[in-house]
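For reference, the structure is listed below as structure tokens.
Note that the structure is predicted; figures quoted are calculated from it, not measured.
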Amino acid sequence: MDIQQTGAVLYVEDDELVRRAGVQSLQLAGFETMGFAAAETALPLIGPDFTGVVVSDIRLPGASGLDLLAQCHERAPGVPVILVTGHGDISMAVQAMRDGAYDFIEKPFPAESLVETVRRALERRRLELENLALRRELAGHNSLASRIIGRSPAIEQVRSLIANVAPIDASILISGDTGAGKELVARSLHELSPRRDKPFVAVNCGAMPESMFESEMFGYEQGAFTGAAKRRIGKLEHASGGTLFLDEIESMPLALQVKLLRVLQEGVLERLGANQPVRVDLRVVAAAKGDMNEHVAAGTFRRDLLYRLNVVTISLPPLVERREDIVPLFEHFLLDAAVRYQRPAPLLTERDRMRLTQRDWPGNVRELRNAADRHVLGIPDDLAASACGGAPPPQALKDRVEQYERALIADALAQAGGAVAQAAEQLKMAKATLYEKIRRHGLVVRGEQDGRG
């Protein structure tokens with residue numbers, strides 16, 4: 001038994017009969033338990049990777065239970081230590097609680113009390129280790145795959161395109177529905193580019209009043225207009241050297257479109273009230289909802305500006321078109337929410353997964369993230385309900401089975417690192433059958449040289 005990894009209980013008690021009774025009670029309750037007559041023999045097993053708890057009598061020959069508590073805090077600060085006390089040791093145990101002991105049990109105690117206290121302590125240790133792992137995982141999310149979550153062919157293509165164009169300065173237009181993750185793509189482009197150490201400036205063109213647009217974007221000199229008490233640097237100038245992200249670009253006023261086009265063409269701008277041009281060096285990433293050609297045809301967006309902005313176009317499909325990405329995204333958001341709210345990350349049942357993949361998620365990734373937050377916080381939220389609170393449109397049984405099968409196969413392939421043989425074993429089906437289903441569902445197999453494992 002690897003005592004470091006099993007969530008074991010180290011039971012320290014010098015009285016052999018009491019020790020045997022305690023160890024037996026914990027083992028009968030299902031806990032891996034080891035008994036020790038002295039603190040010195042248990043201590044070498046306690047380190048930063050120890051996933052279990054310690055139960056120790058306070059009064060021991062040699063090092064006491066309090067000494068063991070101090071050593072545990074030094075070696076592995078998060079390990080819960082439960083102290084067992086005699087009647088005269090209560091004040092000592094209370095002080096030990098102040099010094100960081102998890103709990104204490106007074107002799108004589110029923111086996112149920114010991115088992116319940118150990119169960120709570122192990123759960124706390126599990127959650128603490130889980131949160132530490134999540135913090136490390138989230139802090140280390142520097143790769144593109146960890147930013148743009150998903151395993152669908154559409155998302156694989158988006159990641160490939162981002163990796164290809166991020167290092168160059170070409171203007172990029174990101175198209176997609178509300179909540180699809182357009183700003184996340186823009187930030188990924190910036191963070192993977194040589195401009196990563198310079199500003200990333202995000203502007204929501206649809207949220208800025210038209211009367212303020214020019215001054216906010218171009219800045220102004222002192223006295224340029226009533227209320228201009230001092231010079232203000234605009235968003236364009238502030239983004240110089242870095243990336244300017246223009247969200248909802250279709251909402252930009254026509255008059256400002258002309259001025260933005262000049263900045264992109266000539267690399268200079270003029271603050272309001274200024275006579276001298278200011279040179280700027282920026283990369284523009286724009287995002288839009290709907291078909292920009294329709295806005296051009298309607299006369300609300302300049303064709304020449306569109307050509308300047310969409311040197312490369314990245315299209316983000318809605319979740320309803322890439323259902324195999326829903327569960328991986330939801331699980332990622334669960335982990336993120338668990339760290340933010342200091343709550344345990346709930347495990348998803350197969351029923352939860354099925355409901356997640358059946359829902360259409362009209363709010364896309366944003367709606368999915370909010371649902372994950374509610375799930376972590378324990379707020380009731382029927383995963384099968386629609387955004388408007390009603391049930392989703394009924395689907396034919398065949399379509400529902402197809403969607404669920406595709407999601408299960410994609411999940412098994414991801415867990416197997418793309419190894420079809422291993423995924424087939426996990427799914428308990430013949431490898432040839434799995435290959436046929438992979439082909440029929442249009443799934444991408446990674447990690448294989450010839451596509452045949």
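The closest donor-acceptor contact from the side chain of Arg195 to the backbone of Gly241 lies under 3.5 Å. At least one donor-acceptor pair under 3.5 Å links the side chain of Gln27 to the backbone N or O of Thr33. A donor-acceptor contact shorter than 3.5 Å is absent between the side chain of Arg232 and the backbone of Glu216. Side-chain N or O atoms of Asp15 include one that pairs as donor or acceptor with a backbone N or O of Val18 at under 3.5 Å. Side chain of His190 to main chain of Lys198: a donor-acceptor pair is present (N/O by atom type, distance under 3.5 Å, no hydrogens or angles). A donor-acceptor contact shorter than 3.5 Å is absent between the side chain of Arg322 and the backbone of Leu316. At distances below 3.5 Å, at least one donor-acceptor pair connects side-chain atoms of Thr357 with backbone N or O atoms of Met354. Using modelled atom types, no side-chain atom of Asn364 and backbone atom of Arg366 make a donor-acceptor pair closer than 3.5 Å. Proximity of a side-chain donor or acceptor of Ser113 to a complementary backbone N or O of Pro110 within less than 3.5 Å is not detected. With hydrogens and angles disregarded, a donor-acceptor distance shorter than 3.5 Å links the side chain of Asp67 to the backbone of Ser64.
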Check the pair Phe245, Val201 against side chain to side chain contact (heavy atoms under 4.5 Å, CB included), reporting the backbone distance first and the verdict last.
CA-CA 6 Å; Phe245 174 54; Val201 179; over 6 Å; no
Do Glu248 and Lys182 pass the salt bridge (charged side-chain N to carboxylate O under 4.0 Å, His left out) test, and can you show the C-alpha distance, the side-chain angles, and the key distance before you say yes or no?
CA-CA 10 Å; Glu248 298 188 26; Lys182 296 187 289 292; over 6 Å; no
List the steps and the verdict of side chain to side chain contact (heavy atoms under 4.5 Å, CB included) for Trp361 and Ile326.
CA-CA 9 Å; Trp361 302 102; Ile326 292 174; 3.7 Å; yes
Please test Val79 against His73 for side chain to side chain contact (heavy atoms under 4.5 Å, CB included), starting from the C-alpha separation and ending with a verdict.
CA-CA 7 Å; Val79 171; His73 281 182; over 6 Å; no
Derivation of the side chain to side chain contact (heavy atoms under 4.5 Å, CB included) call for Phe31 and Arg119:
CA-CA 9 Å; Phe31 303 120; Arg119 180 174 286 112; 3.9 Å; yes
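Here the shortest heavy-atom pairing between Leu69 and Ala96 reads CD2-O, 3.9 Å. When every heavy atom of Asp177 is checked against every heavy atom of Pro318, the shortest pair comes out as OD2-CB, 3.8 Å. In plain terms, the two heavy atoms of Phe330 and Ala371 that are nearest each other are CE1-C, 3.8 Å. Closest approach of Tyr341 and Val376 over heavy atoms only: CD1-CG1, 4.4 Å. Closest non-hydrogen pair, Gly206 versus Asn204, comes out as N-OD1, 2.9 Å. Of all the heavy atoms in Ala111 and Ser25, the pair that sits closest is CB-OG, 3.5 Å.
Interatomic distance, Leu368 CG to Leu319 CG, rounded to the nearest 0.5 Å: 6.0 Å. For the atom pair CE (Met252) and SG (Cys205), the distance works out to 4.0 Å, reported to the nearest 0.5 Å. To the nearest 0.5 angstrom, Leu83 atom CG is 6.5 Å from Ser56 atom OG. Taken from OG in Ser215 to CE in Met208, the straight-line distance is 8.5 Å, to the nearest 0.5 Å. How far NZ of Lys107 is from CZ of Arg59: 10.0 Å, rounded to the nearest 0.5 Å. Rounding to the nearest 0.5 Å gives a distance of 8.0 Å between CG of Asp99 and CG of Leu66.
Around atom CD of Glu436, more than 12 heavy atoms belonging to other residues, nucleotides or ligands sit under 6.0 Å away. Environment of CZ in Arg340: crowded, with over 12 heavy atoms of neighbouring residues, nucleotides or ligands closer than 6.0 Å. In this structure, Glu123 places its CD atom where more than 12 heavy-atom neighbours from other residues, nucleotides or ligands lie under 6.0 Å away. With a 6.0 Å radius and a threshold of 12 heavy atoms from other residues, nucleotides or ligands, His295 has its NE2 atom above the threshold. Counting heavy atoms of neighbouring residues, nucleotides and ligands inside a 6.0 Å radius, atom CD of Glu425 does not exceed 12 of them.
Taking 4.5 Å as the limit, some side-chain heavy atom of Glu183 sits within range of a side-chain heavy atom of Phe200. With contacts defined as side-chain heavy-atom distances shorter than 4.5 Å, the pair Met292/Ser175 does not qualify. Looking at Val284 and Leu246, their side chains come closer than 4.5 Å, going by heavy atoms from C-beta outward. In this structure the side chain of Leu334 reaches within 4.5 angstrom of the side chain of His375, judged on heavy atoms. Contact annotation: the side chain of Val23 never approaches that of Phe36 to less than 4.5 Å [non-hydrogen atoms, C-beta and beyond]. Arg20 places a side-chain heavy atom less than 4.5 Å from the side chain of Glu16. Counting heavy atoms from C-beta outward, Leu413 and Val420 have side chains that approach closer than 4.5 Å. Between Leu173 and Leu306 there is a side-chain heavy-atom pair separated by less than 4.5 Å.
Ionic pairing of Arg323 and Asp360 is present here: one or more N-O contacts between side-chain nitrogen and carboxylate oxygen are shorter than 4.0 angstrom. For the pair Glu367 and Arg359, the salt-bridge criterion is met [side-chain N within less than 4.0 Å of a carboxylate O]. Between Lys437 and Glu405 there is a salt bridge, with a side-chain nitrogen of the basic residue lying less than 4.0 Å from a carboxylate oxygen of the acidic one.
Side-chain atoms of Arg120 and Tyr102 include a donor-acceptor pair closer than 3.5 Å. The closest side-chain donor-acceptor pair between Asp325 and Ser152 falls under 3.5 angstrom.
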